[in-house]
Amino acid sequence: MIELQALTKTYGGRPVVDEVSARFARGTLTAIVGSSGSGKTTLLRMINRLVEPTSGRVLIDGQDAGRIPEVSLRQGIGYVIQGYGLFPHWTAARNIGVVPTLLGWPEARIAARVTELLQMLQLDPAEIAGRYPHQLSGGQAQRIGVARALAARPDVLLMDEPFGALDPLIRRQAQRDLAQIRRQLGTTIVLVTHDMNEALYLGDAIAVMRHGRFEQFDTPDRIIRAPATAFVADLVGETGRALRLLALHPVGSLSRAGEAEGEPVDVAASLSDALAEMIWTGRDRLPVTDAQGQRLGIVTREDILARGRE
Amino acid sequence: MSVPRIDRLSAVMALPLLASPALTAFGFRPNRIAPPQPRTWAEAIGWPLTGALLAGLVLLAVALLLLRRPGMRLLLLAGALAALVVLLGRGAVLLLEQAAPAARVSPGAGFWLAAGTLLLLLVDAFARMRPGPAARAALLACAVAGVAVLLGSGTLAGLSVAAEFRVRADAFHRATADHLVLAFGSFLAALVFGLPTGLAIQRHPGLRGPVLNLLTLIQTIPSIALFGILIVPLAWVAAHVPGAADAGIKGIGTAPALIALFLYSLLPIVANTVAGLDAVPRAVTEAARGMGMTEARRLWWIDLPLTLPVILAAARIVLVQNIGLATVGALIGSGGYGTFIFQGIGQTATDLILLGVIPTVALAFLTSSIMDLLIALSGGQPQ
Amino acid sequence: MTALRWIILIGVTGGLILFPALFEPLLRPFAPAGGPAIYDRASLASLTVSHLALVALAMIPSTLIALSLAILVTRPAGAEFLPMARVLANIGQTFPPVAVLALSVPLLGFGARPTVLALFLYGLLPIFENALAGLRAVPGSVLLSGKAMGMTPRQVLAQVEMPLALPLILEGIRISIVIALSTATIGSTVAARSLGEVIIAGLTSNNPAYVIQGGVLTGCIAVLLYDAFGLLIEIAKRLTGREPQQAA
């Protein structure tokens, strides 16, 4: 768990982060959304002390981060930045292995960990491990950046616009991959983004940041349903609110017993995807299957519409 | 409201400044080539003035530690430097008054240390002001005017270099003319030849490697070697081509020096022209083409204006390099300030060496400052 | 093409140093009637060795000091000295090597010492400038990552900054060595033993054969060292993964 206590950073007397207090629960992904200059990156960097707080504290699992030696604190926290900052003179494998090397892991263990991470991120170790950063595509470089941050199994992962440098198509895929792997990891993730859609898609909790303060810190559902300020409402957007809400929930949450015709929908797909499918194929009920293709039941249009009006 | 933050650079630079009076202020020589005997400030200008100097240095050091505004520092340092130079001139005159007519006085290590430190701090203060082109031009004009007043007023007439100059004024003016012809003449020739070459090889990528390799090769050859080797073909031309000798082409002298400097100048000019043209954004070129500009119009309206700062940067490199290398020409009889330097080395006459070195460095520095100004005005990054 | 260049350079250099007599027929036409065509006042081999020794003696401390300074002014503690260092380097460049050489003589007398001092001083600038450029060119995101991964400042310097700056540092040393070779030639005017002696002897005794001999030899050595450093830079770039690998 990460706890921020009245965390403040001022530059030349001007507060960039202004007495922010919050708790990010263990194993959750908190997305911090804000425009540039809102203080979100500064906030993130105070967690691994790349920026020293002017006042206030960061507690990680109850321990004051300010009292942990900088170097060991950072070795225990994964960090992914926009543009990834891969070391251009090292191969992908050496980039991934940097923190384990700093920690003095034996070579065989590092090699095994590198292979494991590449496989988890769906990269072929034989092909990718020996490549230098300039030989990687944008998507590959992004995944190497994530693998490097995860290499020493950190309890906390900080991500600063990790998808910002990707083109939209690959970005979608990378977001999906992150959603997938974080379930396997159980790591506490704090992700900074300016993209509300990304935050809604990935976040268990969302903090909307403006002028160095949290305007609202809430679940995605509440952010859409009950924006605390005009600024939050503006970010979420007035139109399409119901569809956004539906996008947050999986088909599984409304699955019921019954029979339906035609192409089935995956239990993990969102309700908005299911609705779109109904409109497109002219059906009012869809069969629901799990990942193995096993029939689980059906989902109906009435149920989805009712959920969207809640 | 709290303790003022001390300027760390000044803290370091205060040491040589305060230590300088402990070193020799003047070198006194009974004649031109005798070894110098040390003279302190007190021996030259007497205790009252020396006391004022010491107090001034201490006050200056304290003021520098506390004063952070670059503009104030600049004024303070300029004043201090001027005072130091006036004291130097005064000391030289006083030392000579008691000595035989052949005696000479030159600045010693202590003076150079103090003056050098002040000059560095001055330039640093100026750099910290982040001056625009106008401020740079103003400072340059002030510096040139200051030096001119100093030389014209005879303040420094007691110094040995000035004595050396009075003996050789005619030779000095000839050397100046020769040096300027060598450095600037070869530069102009390289410009006339190098710009079209740069344009050509930028448009024909196949030529790029061979031409740049050849020019790099030339630039690698040590200067005396190139100067010397050129003597051979030029001597042959002078002997065998009718009229060549009458046109001033000889194996030794100006011709081989001019050609060598011309050859050395080509690489920076050609390479920078190519690099500058390469750096013209594709979008700009395509937009120009899309508007229907002809090739020639694009060259004059788009490519050359955008490449200008890079070409000016090359001109700066070439001019500074040529002014320095032209001294070597003296070894093959091409004249210039190098004549004094090598004669001075031969006679172990420091004054004569300085008579060659000082104008060479001053010319190089003035030229590079003016070029920096032009680069800044053309929108490029000055050094 | 490259191989041919190497063969010619090594052949001419080696031949002129070890078997100067072989070149007699080639140089004879340039020598004055009845005069010697091959320089015989000292062996070219010993002059070459002392020429290179001058350069090495100056370049080693030059490199160490210039690198240390460049590292110093790019650390937070030395940042305040950076503008001054750049100004100094910029002014230093307007000092011609000959001036530095000539001014060293009154301080140190004649011989190798003023030459080494001049080569040392003049060698500092290109190495410092290039090292500075190399260190400052390391992308901010890479430095930030190093720090964020928990590297100490010393580890960031040794494992990230220096390897990335290495090609530019080598480029600076290469420039300095070429200048030093040239200035060492001029060093023979202050009685340092170097190959310049051969050229100067040719100039003063009106014997173009000497001038060609000395000139070609120093030229070849300079180009040879230049090329050798080029090779080193290529290797450094490849080792640090910034040169596209050659297709097998």
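From a predicted model like this one, the values you see are computed outputs, not experimental measurements. Order of the sequence lines sets the chain letters (A, B, ...), proteins ahead of strands, with each chain counted from 1.
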Where L164(C) and P88(A) come nearest, the two heavy atoms and their spacing: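 Between these two residues, the closest heavy atoms are CD2-CG, 3.5 Å.
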
Minimum-distance pair of heavy atoms, taken over all atoms of R238(C) and Y132(A):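 Closest pair (atom of R238(C), atom of Y132(A), distance): O-OH, 4.2 Å.
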
Other residues, nucleotides, ligands: >12 heavy atoms within 6.0 Å of E107(A) CD: no

Within 6.0 Å of CZ in F81(C), more than 12 heavy atoms from elsewhere: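 Check passes, neighbour count above 12.
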
Straight-line distance of N95(A) CG to M149(C) CE, nearest 0.5 Å: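 One gets 9.0 Å once the value is rounded to the nearest 0.5 Å.
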
From CD (Q159(C)) to CG (L102(A)), nearest 0.5 Å: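 Here the rounded value is 6.5 Å.
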
Relative to chain C, which segment of [X] carries a heavy atom at a distance below 4.5 Å: side chain, backbone, both, or neither?
| X | result |
| --- | --- |
| R45(A) | side chain |
| L86(A) | backbone |
| L50(A) | both |

Under 4.5 Å from a heavy atom of chain A, the part of Q155(C) involved: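 Only the side chain of Q155(C) comes within 4.5 Å of chain A.
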
Residues from residues 62-82 of chain A approaching chain C under 4.5 Å (heavy atoms):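 Under the 4.5 Å heavy-atom cut-off, V71(A), R74(A), Q75(A), I77(A), Y79(A), I81(A) qualify.
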
Inter-chain contacts: residues 48-59 of chain C against chain A, heavy atoms under 4.5 Å: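 The stretch does not come within 4.5 Å of chain A.
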
